[in-house]
There are 2 protein chains.
Amino acid sequence: MTTIYDLARVTGISKSTVSRVVSGQGYVSAAKRQRILAAMRELHYIPNQRAKNLRRQRTNTIGFLLREYFPLAGEFMDVFVHEAARYGFTVNVYFTQNAETERQTLDLLASGALDAVFILTRINDWDVISRYTQFGPIATWQRVDRPDIYSNYLDHYPLYLKILEQLYREGHRQIGHVLSDRSSANTQARLRAIATFQARHPDAAMTFVCHFATQQNAGKTAAKRWLAAAARPHAVVFFADYVAAEFVATLRRAGGACPPDCTVVSTDNSAIAKLTAIRTMDLGFRSQACNGVRYLVGQLTDQELAAETIRPHWVKA
Amino acid sequence: MTTIYDLARVTGISKSTVSRVVSGQGYVSAAKRQRILAAMRELHYIPNQRAKNLRRQRTNTIGFLLREYFPLAGEFMDVFVHEAARYGFTVNVYFTQNAETERQTLDLLASGALDAVFILTRINDWDVISRYTQFGPIATWQRVDRPDIYSNYLDHYPLYLKILEQLYREGHRQIGHVLSDRSSANTQARLRAIATFQARHPDAAMTFVCHFATQQNAGKTAAKRWLAAAARPHAVVFFADYVAAEFVATLRRAGGACPPDCTVVSTDNSAIAKLTAIRTMDLGFRSQACNGVRYLVGQLTDQELAAETIRPHWVKA
DNA sequence: CTGAAAGCGCTAACAA
DNA sequence: TTGTTAGCGCTTTCAG
């Protein structure tokens, strides 16, 4: 490993001048710069990142935290990593699994291993997570209203209402709902939308409602319940494309087809929706990923990076 | 930020003794240990990772390189990150995009930002990549035979032959092939299997062969070709579940169904195959991910970590 | 068992 | 424009 010290020794120029050339900061005479540059090439000099990190108190690394893997997480990460790279940041992935591990991972912020953290799906209370903002900026995909945690969320209430109204217009009077965990803010918004819709249209039956904490097997279970239901809803709205796709696949295995047996609607616009031809509404996760990065980078570099505007829209099949 | 120095000052004990307690290395009297431990708690001490990294010439970070995202990459990473975490390593994700960027990313090995590198999909020649092994161990998902780069590959030749024989046994005499890039070692193995099969069964027609460099839109294009083909093969084997799924979706949009119009077989055992009920053979990518991690960690920590044996098998739909 | 001291490789304030 | 110097926070000999 060639170091800056070697370059200084070989060229007979001081370490600091070499450092100036290497980092491109400060004035150096053309003659010396050339000599140093030549030596750099000759000795295959590559600056030591670890030393830089210690010295500058930065690692240019963002932690990407999620409880566990789900297909959309991969697509989200794709966008996130690309956007971070644009600003010279790299992304470290962590599966948090439980509250304890999540806290330990957040400690990496305090230890200086991470400059910032993005939480795709959380475990601990926001109060707990919030404490870590003293060590670095935190952003999340989830919906929170806190001054210290950035959340680029969308209110699901009007959107869900829009979906329901659309189905009503198409003639559906029995609509099922497959929702995420009850505690999630988005689920609560959707439940409120259901209540509003119900009040508006007393002729619509909204009795089929399921909740799932994870995406794994949710679609399968929902399909079984649908098959066993006394009054099967002819339209079901899902909280994730993956779950919707699993629902469709399970139904198909049981000899059904969606449609006509059941109209399936979801809200991600993921690769899976495209493949399985599920009707889906794009809620702008790609923009949310970009905005998350921009907020974090903005905080770290003390600048205001413009956020992309999220435009939810139906994806034509 | 509390440092080891603060702890020393507060307790009146030397830095080195504090360090011994913090790192758990070396002998320290019970009394002093208690005093230090108490101070650590009181001052919320968290060791600085950047300083540690510089000092120990290690970051405990593995770089995960891929050209671009594809659904299976996400599932692969899921396993990879979990396995790395078991050994105390964290994973940094990089999209390499072009040869130049890939080289720059490999430079991170030389800069000490990364301890080791795993290459899911490469761009540069192995000769180029090989040079970086002087800076740290390199493993890959791709098939290579080199002493310095670890590759936990599977010979696709016998497996592909097995798939073809199975289809033949089921009565198929016209089999199509959707393959990856011609330059890939796996594709070459599959082409050899096709040749062998052809020689063995002259009554089988193997005229439908497509090659695709990326997974994006490959299935769609293949479907269009299939629809336009003079003699449509009633069975097609794909190099990736995602591509197979896109093929099926495109055909379905055109009014077809697989089966009976076309039997679709693939080789990943991904989440998508499960959702779309595609017949697929598990080639053990999960084990390959684990083995990749184990090799790299083994090299870094100078031990021999047992590799999982890969057992390819049909996945029952 | 403990402390002093050297140093990982780089940066930046300050002086010249 | 350049060099000297003082660290960043931690680990690890080496004496004591």
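Lettering of chains follows the sequences in order, A, B, ..., and the numbering in each one begins at 1.
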Side-chain polar contacts of residues 28-43 of chain B - donor-acceptor pairs under 3.5 angstrom, sequence neighbours left out - could you list them?
unit_1  : atom_1 : unit_2  : atom_2 : d
B:Ser29 : OG     : B:Lys32 : N      : 3.4
B:Arg35 : NH1    : B:Thr11 : O      : 2.8

Extract all donor-acceptor atom pairs below 3.5 Å that involve side chains of residues 69-82 of chain A and protein atoms in other chains or at least two apart in sequence.
unit_1  : atom_1 : unit_2   : atom_2 : d
A:Glu75 : OE1    : A:Ala271 : N      : 3.2
A:Glu75 : OE2    : A:Ala271 : N      : 2.9
A:Asp78 : OD1    : A:His82  : ND1    : 3.0
A:His82 : ND1    : A:Asp78  : O      : 2.9

I'd like a table of atom pairs between the protein and nucleotides 8-10 of chain C - only N or O on both sides, under 3.5 Å - with the distance next to each one.
unit_1 : atom_1 : unit_2  : atom_2 : d
C:dC8  : O3'    : B:Gln57 : NE2    : 3.3
C:dG9  : OP1    : B:Gln57 : NE2    : 3.4
C:dC10 : OP1    : A:Tyr45 : OH     : 2.5
C:dC10 : OP1    : A:Asn48 : N      : 3.0
C:dC10 : OP2    : A:Ile4  : N      : 2.5
C:dC10 : N4     : A:Lys15 : NZ     : 2.8

Tabulate protein N/O versus nucleotide N/O from nucleotides 13-16 of chain C, keeping only pairs under 3.5 Å, one per line.
none

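Across every non-hydrogen atom of A:Ala99 and A:Asn124, the tightest pair is O-ND2, 3.0 Å. Looking at every heavy atom in both residues, B:Ala8 comes nearest to B:Ser14 through CB-C, 4.0 Å.
In this structure A:Asp127 satisfies the salt bridge (charged side-chain N to carboxylate O under 4.0 Å, His left out) test together with A:Arg146, sequence neighbours excluded. For A:Asp155, the salt bridge (charged side-chain N to carboxylate O under 4.0 Å, His left out) partners at least two apart in sequence or on another chain are A:Arg143. In this structure, the side chain to side chain contact (heavy atoms under 4.5 Å, CB included) partners of A:Ile4, at least two apart in sequence or on a different chain, are A:Lys15, A:Val18, A:Ser19, A:Tyr45. Listed by chain and number, the residues in a side chain to side chain contact (heavy atoms under 4.5 Å, CB included) with A:Glu304 amount to none (sequence neighbours excluded). B:Arg9 is linked by a salt bridge (charged side-chain N to carboxylate O under 4.0 Å, His left out) to B:Asp6, counting only residues two or more places apart in sequence or in another chain.
B:Thr61 and B:Asn92 are not linked by any side-chain donor-acceptor pair at a separation below 3.5 angstrom, with hydrogens and angles left out of the test.
Applying a 4.0 Å cut-off to non-hydrogen atoms, none of the residues of residues 24-33 of chain B approaches DNA chain D.
Residue A:Thr17 has no polar side-chain atom (N or O) positioned under 4.0 Å from OP1 or OP2 of D:dT2.
Under a cut-off of 6.0 angstrom, the local environment of CZ in A:Arg58 is crowded, with over 12 non-hydrogen atoms contributed by other residues, nucleotides or ligands.
From one end of the helix from C:dC1-D:dG16 to C:dA16-D:dT1 to the other, with five pairs defining each end axis, the axis direction shifts by 40° (rounded to 10°).
Each salt bridge (Lys or Arg N to Asp or Glu O under 4.0 Å) pair with one or both residues in residues 83-108 of chain B, not counting sequence neighbours, appears once here: B:Glu83-B:Arg86, B:Glu83-B:Arg294, B:Glu100-B:Arg103.
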